[in-house]
Amino acid sequence: QGQLVESGGGLVQAGGSLRLSCVASGFTFDDYAMSWFRQAPGKEREFVVGISWSGGSTDYADLAKGRFTISRDNAKNTVYLQMNSLKPEDTALYYCAAVRGLYYSDASASDYWGQGTQVTVSS
């Protein structure tokens with residue numbers, strides 16, 4: 001019943017920025033931690049960053065540290081991913097997920113997934 005809808009992807013040149021949004025519906029948003037994952041063609045899905053139900057804790061993959069920032073607005077049922085200093089290797093389909101507990105990086109702990117938003121970074 002729950003649904004997540006991502007937006008904000010697009011084409012950007014290396015060094016540029018994008019802000020992704022993920023809007024939740026059909027479930028109690030602040031019962032869940034939220035995470036972002038990404039997947040490029042021919043590669044495994046990889047964890048990007050997660051945030052606790054309250055926003056008080058975060059966990060960044062090495063690829064995101066110093067460049068990406070996750071935040072959430074529980075009043076708007078929305079989680080954001082601010083991406084700066086983008087690199088061509090960041091090109092991927094970016095997904096948000098509603099995660100049980102604190103298992104930010106564990107895809108099997110996710111109850112709901114969006115369909116993704118495409119990010120393409122040109123060199």
Side-chain angles (χ1 to χ4, degrees):
Q1 192 71 24
Q3 185 178 33
L4 298 170
V5 179
E6 302 95 336
S7 63
L11 176 64
V12 64
Q13 64 181 339
S17 298
L18 286 172
R19 190 179 83 153
L20 309 184
S21 298
C22 173
V23 179
S25 61
F27 67 96
T28 303
F29 183 66
D30 62 4
D31 279 352
Y32 288 87
M34 296 294 297
S35 293
W36 289 92
F37 296 82
R38 70 186 191 185
Q39 188 168 26
K43 297 185 65 178
E44 296 85 3
R45 178 175 293 176
E46 63 182 343
F47 169 73
V48 179
V49 61
I51 188 168
S52 65
W53 71 271
S54 66
S57 297
T58 57
D59 185 27
Y60 289 85
D62 287 343
L63 64 92
K65 291 178 180 177
R67 300 191 299 128
F68 296 179
T69 303
I70 191 171
S71 61
R72 67 189 295 164
D73 185 340
N74 288 344
K76 296 181 178 179
N77 287 355
T78 302
V79 63
Y80 305 95
L81 181 63
Q82 178 67 45
M83 304 188 295
N84 300 324
S85 301
L86 284 162
K87 306 172 182 179
E89 53 263 45
D90 295 319
T91 295
L93 189 65
Y94 283 72
Y95 300 88
C96 64
V99 181
R100 298 186 298 276
L102 299 176
Y103 301 101
Y104 304 126
S105 65
D106 186 355
S108 69
S110 299
D111 282 345
Y112 308 105
W113 290 86
Q115 291 193 320
T117 185
Q118 179 67 40
V119 171
T120 302
V121 184
S122 62
S123 60

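This structure is a prediction, so every number in the text was calculated from the model and none was measured.
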Same apolar cluster (I L V M F W Y, side chains within < 4.5 Å links), [X]/[Y]:
| X | Y | result |
| --- | --- | --- |
| L81 | V121 | yes |
| V49 | Y32 | yes |
| Y112 | F29 | yes |
| Y80 | M83 | no |
| F47 | L102 | yes |

State whether the number of non-hydrogen atoms from other residues, nucleotides or ligands found under 6.0 Å of Y103 atom OH is greater than 12.
->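 Check fails, neighbour count at 12 or below.
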Check side-chain hydrogen bond (donor to acceptor under 3.5 Å, both in side chains) between Q39 and all other residues, then give those that pass, not counting sequence neighbours.
->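 None.
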Value rounded to 0.5 Å, distance of [atom1] in [X] from [atom2] in [Y]:
| X | Y | atom1 | atom2 | result |
| --- | --- | --- | --- | --- |
| R67 | D62 | CZ | CG | 11.0 Å |
| R38 | E89 | CZ | CD | 8.0 Å |
| T58 | M34 | OG1 | CE | 15.0 Å |
| L4 | N77 | CG | CG | 10.0 Å |
| Y60 | I70 | OH | CD1 | 6.5 Å |
| W113 | S35 | CH2 | OG | 8.0 Å |

Where the side chain of T117 meets the backbone of Y94, is there a donor-acceptor pair that is under 3.5 Å apart?
->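 No, the answer is negative, given that no donor and acceptor are paired below the 3.5 Å cut-off.
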With no hydrogens and no angle check, is any side-chain donor or acceptor of E6 less than 3.5 Å from a backbone partner on C96?
->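 Present.
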Are the side chains of [Y] and [X] in contact, using a 4.5 Å heavy-atom criterion?
| X | Y | result |
| --- | --- | --- |
| S52 | Y104 | yes |
| E46 | L63 | yes |
| W36 | F68 | no |
| W53 | V99 | no |

Under a 4.0 Å N-O cut-off, is there an ion pair linking D90 with K87?
->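 The answer is no: the pair does not qualify as a salt bridge.
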Kindly state each residue pair satisfying salt bridge (Lys or Arg N to Asp or Glu O under 4.0 Å) with at least one member in residues 104-123, sequence neighbours excluded.
->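 Found R100-D111.
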